[in-house]
Each structure stands twice: as structure tokens, then as C-alpha cells.
Amino acid sequence: MKPLALFGGTFDPVHLGHLSVAWEASELLDAEVRLMPANVPPHRNAPTATPAQRVAMLNAALQGQGRLTLDTRELRREGPSYTIDTLRELRGELGDRPLILLLGADAFAGLPSWQSWRELFEYAHIGVLSRPGIDAAWSVDLALEILPRRVTDPRLLHELPAGKMIELAVTPLEISATRIRELLAEGRDPRYLLPCGLFDDPSVLAPYRAKDKR
Ligand code: ATP
């Protein structure tokens with residue numbers, strides 16, 4: 001069975017950087033990829049859009065293709081979205097099916113600040129997606145943890161349920177939700193940084209527009 005890859009994030013809003021790297025990861029890994037919006041991300045400020053608004057944007061973004069799907073389990077859970085809890089829950093459902101946690105290079109560099117971060121490897125492999133324009137230096141702790149886990153052949157991730165790390169060189173797209181929120185707040189129209197479905201209904205991007213520009 002193909003591995004299941006999870007791509008978590010705030011998706012505030014989902015942008016073409018997310019979609020492109022998730023798509024390429026599914027090709028490179030030959031895996032089913034699910035986008036998984038976080039409820040209350042433990043590492044950062046609360047999102048601008050509500051969970052329902054973020055799900056609506058993700059649904060609009062995923063229209064017209066079948067390779068990337070949505071997993072809203074973290075939004076249904078009370079409290080902070082700790083990835084370790086999500087992976088434990090999924091492992092209970094998946095048996096020995098390989099599970100891959102996809103992280104952008106910036107998120108991966110911050111891994112040692114996550115709850116029970118070393119334990120994540122008991123439940124999943126980690127796939128690190130290259131991301132331009134960010135500082136993604138690894139701490140010594142992270143580098144040592146990765147040393148025995150690093151592989152370069154994606155087929156190895158099909159043979160084990162968890163425990164390996166692979167770096168995926170995806171097409172670099174210097175797009176961030178922060179920049180998109182800034183552009184929208186300035187009254188700009190970042191049309192080709194976002195999936196076109198987000199422009200069908202003007203109320204979808206309204207949470208990001210400065211009030212006097214709405
Ligand atoms: P923000 O600017 O609000 O921090 P973001 O653009 O980084 O948002 P998130 O929803 O926080 O988006 O990211 C979810 C995941 O997607 C993270 O693992 C992040 O590293 C990754 N990611 C986001 N944008 C890109 C990109 N352009 N290339 C590669 N990975 C990305």
C-alpha cells in the first residue's frame with residue numbers, strides 16, 4: 001500500500017507554495033498526501049482566519065484534482081494541535097502502513113521545540129521539503145538525531161512504517177502566507193500566488209483585508 005503523507009500547517013491562507021510542494025512530494029514519494037490544517041498551532045500566533053474559513057479555502061484550492069486531499073482531524077480535537085498526538089492516533093488506524101510527516105525546511109529546523117519531537121520518529125518518517133528564502137540551520141541535537149535516519153531513496157520509506165528522514169528537492173517557490181496576508185492588508189491582489197478558486201467569492205479573502213479597504 002502507498003504511504004500516507006501528512007502535510008500540516010496553518011494554511012492561513014493556503015497558497016500555491018503549499019500546493020506545489022505537496023503535489024511534487026506525492027510524486028517523488030509515490031504517496032497519498034493529505035493537507036491537515038492545525039487548530040491552535042502551539043508554535044505561533046493564532047491564525048487570522050477561523051478554522052471554518054481555512055477549511056473553505058482548502059476545499060476551494062483542492063477542487064479539480066484527486067491527488068491531494070484534506071484531513072480535518074486536528075480541527076475536531078480540542079486544544080493545541082500537537083503533532084505527536086495526531087501521529088499516535090493515525091498509527092492506531094493505519095497498522096503498519098508507512099506514514100510520512102511532510103515539513104518545509106523552516107518547520108523542520110524548528111523540530112526540537114516540538115512536543116516529544118524525538119518520539120515522532122516512532123510513528124512516522126519525516127520528509128523535508130526544500131524552501132527558499134528562509135533560515136533553516138539545524139541545531140546539533142537535530143543533526144545528531146537525523147544522522148542514522150537519513151535516506152535518499154524514497155523507496156526505503158515504502159518498506160518501513162516509520163523512523164527515516166528524507167530531503168525532497170522540490171521546485172523552489174518563495175511564497176509565504178505572511179507575505180500574502182501583508183499584500184491583502186495593503187489592498188493588493190496577490191492573484192497568482194493563490195489558487196484561483198480563492199477569488200471566486202470576494203468574502204473568502206475578506207478576513208485578511210484591512211477593514212477600511214473591504
Ligand atoms: P506563515 O507565513 O503564516 O508562517 P507559511 O507560508 O509558512 O505561513 P504554513 O501554513 O505555516 O505556511 O506552512 C505549512 C507547512 O508548509 C510548513 O511545513 C511550511 O514549512 C511549508 N511551506 C509553506 N510554504 C512553503 C513553500 N513556499 N515551500 C516549501 N514549503 C512551504
Side-chain angles (χ1 to χ4, degrees), residues 5-29 31 33-62 68-75 80-84 86-87 99-115 117 120 124-138 142 146 165-186 188 190 192-195 198 205 207-209:
L6 281 182
F7 189 37
T10 320
F11 303 111
D12 185 32
V14 60
H15 54 67
L16 292 183
H18 295 127
L19 296 168
S20 177
V21 298
W23 186 269
E24 288 194 22
S26 103
E27 289 184 328
L28 293 171
L29 297 168
V33 173
R34 291 190 199 162
L35 273 58
M36 188 176 62
N39 194 7
V40 185
H43 306 102
R44 50 182 299 158
N45 296 335
T48 301
T50 64
Q53 289 168 330
R54 290 183 290 129
V55 168
M57 290 188 278
L58 280 158
N59 275 322
L62 297 176
L68 306 177
T69 57
L70 184 60
D71 190 323
T72 56
R73 70 183 59 228
E74 289 194 343
L75 298 179
S81 303
Y82 288 115
T83 302
I84 188 72
T86 307
L87 296 186
L99 181 57
I100 305 169
L101 179 66
L102 293 174
L103 297 173
D106 55 320
F108 181 71
L111 198 69
S113 68
W114 292 26
Q115 177 100 336
W117 69 278
L120 295 172
H125 304 296
I126 294 188
V128 181
L129 305 159
S130 51
R131 183 171 187 181
I134 45 102
D135 175 18
W138 297 356
L142 184 59
I146 291 316
M165 177 271 193
I166 190 164
E167 287 176 279
L168 301 169
V170 290
T171 304
L173 288 174
E174 200 169 332
I175 304 176
S176 73
T178 301
R179 179 70 184 138
I180 288 168
R181 289 193 300 274
E182 286 168 2
L183 290 170
L184 288 165
E186 288 167 13
R188 301 260 305 266
Y192 296 114
L193 301 180
L194 291 168
L198 270 56
L205 295 173
Y208 305 106
R209 302 234 185 243

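What you are looking at is a predicted structure, and each value in this text was computed from that prediction instead of being measured. Read the numbers this way: they start at 1 and go in the same order the structure lists the ligands and their atoms. Position 1 is the first residue of the sequence; numbering continues from there.
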I134: what forms a side-chain contact (heavy atoms from CB on, under 4.5 Å) with it, not counting sequence neighbours?
A105, D106, R131, A136

Return the set of residues passing side-chain contact (heavy atoms from CB on, under 4.5 Å) with P112 (not counting sequence neighbours), or none when no residue passes.
W117, S139, L142

Distance-only donor-acceptor check, side chains E24 and T171, under 3.5 Å
yes

Determine whether a donor-acceptor pair (N or O, by modelled atom type, separation under 3.5 Å) exists between the side chain of S130 and the backbone of V170.
yes

Name all residues meeting the salt bridge (Lys or Arg N to Asp or Glu O under 4.0 Å) criterion together with R181; count only those two or more places apart in sequence or in a different chain, and write none if there are none.
D12

Residue contacts for ligand 1, heavy atom to ligand atom, distance under 4.0 Å:
F7, G8, G9, T10, F11, H15, G17, H18, V21, R44, L103, G104, D106, A107, S130, R131, L173, I175, S176, A177, T178, R181

I'd like to know whether the aromatic ring centres of Y82 and W114 sit less than 6.0 Å apart in this structure.
no

